[in-house]
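Positions are given from 1, in the same order as the sequence printed here. From a predicted model like this one, the values you see are computed outputs, not experimental measurements.
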Amino acid sequence: MPTPPQPKPQSTGGTRTGGTRSRGTESSPALSASPSPPLTERQEARRRRILQASAQLARRGGFDAVQMREVAESSNVALGTLYRYFPSKVHLLVATMQDQLQHMHETLHKRPPQESGAAARVAKTLMRAFRALQREPQLADAMVRALNFADRSVSPEVDTVSRLTTAIILDAMGLEGPPTPEQLSAVRVIEHTWHSALITWLSGRASIAQVKIDIETVCQLIDVTAPRE
């Protein structure tokens, strides 16, 4: 049977963040860092089951409920196989967030925002995404905690999450051509604000109304950085 992609190795004790060891971050033994071949159809189906099991466990009990052995059992794969796909819990949950964002992006294509201005469309899109996460707070908290715990070994997965968020914002902007450097800078600031707003809401330090105001305020950068005719 073809082997799935081999991620970079990670220490067996967990992910370090700011000099401290993250809690509950299981990782596999050292793995080869050879280039990843494309997944076969069977491997892609297995990966899909793993991500679904991860999301389901996170919905029930948040970050701590996602244990690698339980994920393997729920997705009907061997524990060693699970580690070949995702060498740690952090890798798995960041990939789960990637999967959730892909679903949001597909929904945006099917039901794009109807607001007339680019800033209003982006604000509407991000609030739709926020409310989708609000409906599943345990899952949202697990994915955000994984992003915060992620070290360099998880950089490819984190970069994919960032690229997907950028794509969602750019699609909502509805640009006729490629974005300017100033527009891309505005998009990055909007991304940072959205992520920060999600963290403050999850920690109980911001209400949905406050989040909405922050998102609408930062989205005004889209008008500020729009090319002048």
Side-chain angles (χ1 to χ4, degrees), residues 17-18 22 58 62-63 90 93-109 111-152 154-175 177-228:
T17 305
S22 65
F63 184 85
V90 168
L93 282 169
V94 173
T96 302
M97 185 164 197
Q98 175 186 333
D99 190 55
Q100 296 294 312
L101 286 172
Q102 285 173 335
H103 285 304
M104 291 178 191
H105 201 187
E106 291 166 5
T107 300
L108 173 61
H109 284 173
R111 294 189 296 110
Q114 300 301 313
E115 284 71 13
S116 58
R121 287 195 300 274
V122 172
K124 179 73 171 183
T125 297
L126 292 179
M127 285 309 299
R128 275 169 55 181
F130 193 92
R131 291 187 187 283
L133 294 171
Q134 181 191 11
R135 289 191 291 270
E136 299 181 312
Q138 295 269 48
L139 173 61
D141 181 67
M143 295 186 300
V144 170
R145 286 178 65 181
L147 279 176
N148 291 337
F149 287 148
D151 62 10
R152 289 185 180 181
V154 200
S155 290
E157 291 84 357
V158 173
D159 288 345
T160 300
V161 166
S162 179
R163 285 195 300 271
L164 276 168
T165 309
T166 297
I168 288 171
I169 295 172
L170 289 175
D171 279 2
M173 288 171 67
L175 301 177
T180 65
E182 291 77 14
Q183 287 174 315
L184 286 175
S185 180
V187 168
R188 285 193 295 272
V189 175
I190 292 169
E191 281 185 51
H192 296 327
T193 303
W194 185 77
H195 184 250
S196 176
L198 185 56
I199 292 173
T200 54
W201 173 75
L202 286 169
S203 64
R205 292 181 288 120
S207 66
I208 295 296
Q210 289 171 318
V211 168
K212 187 173 185 290
I213 291 171
D214 289 350
I215 294 299
E216 290 175 344
T217 300
V218 74
C219 283
Q220 292 176 17
L221 286 174
I222 293 171
D223 294 334
V224 172
T225 57
R228 305 300 177 193

- prompt: Where the side chain of E216 meets the backbone of D214, is there a donor-acceptor pair that is under 3.5 Å apart?
  reply: no
Minimum side-chain heavy-atom gap L139-M143 below 4.5 Å: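 Counting from C-beta outward, L139 and M143 do come under 4.5 Å.
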Side chains of residues 97-104: which donor-acceptor pairs under 3.5 Å do they make with residues two or more places apart or in other chains?
{"residue": "D99", "atom": "OD1", "partner": "R48", "partner atom": "NH1", "Å": "2.7"}
{"residue": "D99", "atom": "OD1", "partner": "R48", "partner atom": "NH2", "Å": "3.2"}
{"residue": "D99", "atom": "OD2", "partner": "R48", "partner atom": "NH1", "Å": "2.9"}

message: Contact between S185 and T225 at the side-chain level, heavy atoms closer than 4.5 Å - yes or no?
response: no
statement: Value for CD1 (I215) from CH2 (W194), rounded to nearest 0.5 Å, stands at 8.0 Å
- request: Would you confirm whether S203, through its side chain, and I199, through its main-chain N or O, come within 3.5 Å as a donor-acceptor pair?
  value: yes
field: Heavy-atom side-chain contact between T160 and V94 under 4.5 Å
entry: no
task: Please report the shortest heavy-atom distance between C219 and V122, naming the atom on each side.
output: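 So the two residues come closest at SG-CG1, 3.6 Å.
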- prompt: For Q114, does its backbone N or O pair with a side-chain atom of R121 as donor and acceptor, under 3.5 Å?
  reply: no
field: Shortest non-hydrogen contact between A186 and L221, atoms and distance
entry: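 Reported closest heavy-atom pair: CB-CB, 4.0 Å.
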- prompt: Is there side-chain contact between L126 and I190, with heavy atoms separated by less than 4.5 Å?
  reply: yes
message: Within the structure provided, determine whether L175 and Q183 are in side-chain contact (heavy-atom separation under 4.5 Å).
response: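 Yes - at least one pair of side-chain heavy atoms lies under 4.5 Å apart.
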field: Distance, nearest 0.5 Å, that separates NE2 of H105 from CD1 of I169
entry: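 The distance works out to 10.5 Å.
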- request: Using a 4.5 Å cut-off on heavy atoms from C-beta on, say whether the side chain of T217 contacts that of T193.
  value: no
- prompt: Roughly how far, to the nearest 0.5 Å, is the CZ atom of F63 from the CG atom of N148?
  reply: 10.0 Å
field: For the student: nearest non-hydrogen atoms of A142 and A58, plus distance
entry: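 Heavy atoms only, the tightest pair is CB-CB, 3.9 Å.
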- request: Compare every heavy atom of L184 with every heavy atom of P179, then report the nearest pair and how far apart it is.
  value: CG-CD2, 3.6 Å
task: Go through the steps to decide whether H192 and H195 satisfy the test side chain to side chain contact (heavy atoms under 4.5 Å, CB included), and finish with yes or no.
output: CA-CA 5 Å; H192 296 327; H195 184 250; 5.9 Å; no
task: Kindly indicate whether the side chain of F130, heavy atoms from C-beta on, has any atom under 4.5 Å from the side chain of K212.
output: no
- prompt: Got F149 and V154 here, is their nearest side-chain heavy-atom distance under 4.5 Å?
  reply: no
task: Output yes when a side-chain donor or acceptor of S162 lies under 3.5 Å from a complementary backbone atom of V158, and no otherwise.
output: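 Between the backbone of V158 and the side chain of S162 there is no qualifying donor-acceptor contact (under 3.5 Å).
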Side chain to side chain contact (heavy atoms under 4.5 Å, CB included) between M127 and V211, worked out: CA-CA 9 Å; M127 285 309 299; V211 168; 4.2 Å; yes
query: Taking atom OG1 of T96 and atom CD of E157, what is their separation to the nearest 0.5 Å?
result: 11.0 Å
- request: Could you give me the CA-CA distance, side-chain angles and deciding distance for V187 and L170, then say whether side chain to side chain contact (heavy atoms under 4.5 Å, CB included) is met?
  value: CA-CA 8 Å; V187 168; L170 289 175; 4.0 Å; yes
message: Can you confirm whether the side chains of R128 and T125 place a donor and an acceptor under 3.5 Å from each other?
response: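 Side-chain D/A pair, R128 to T125: absent.
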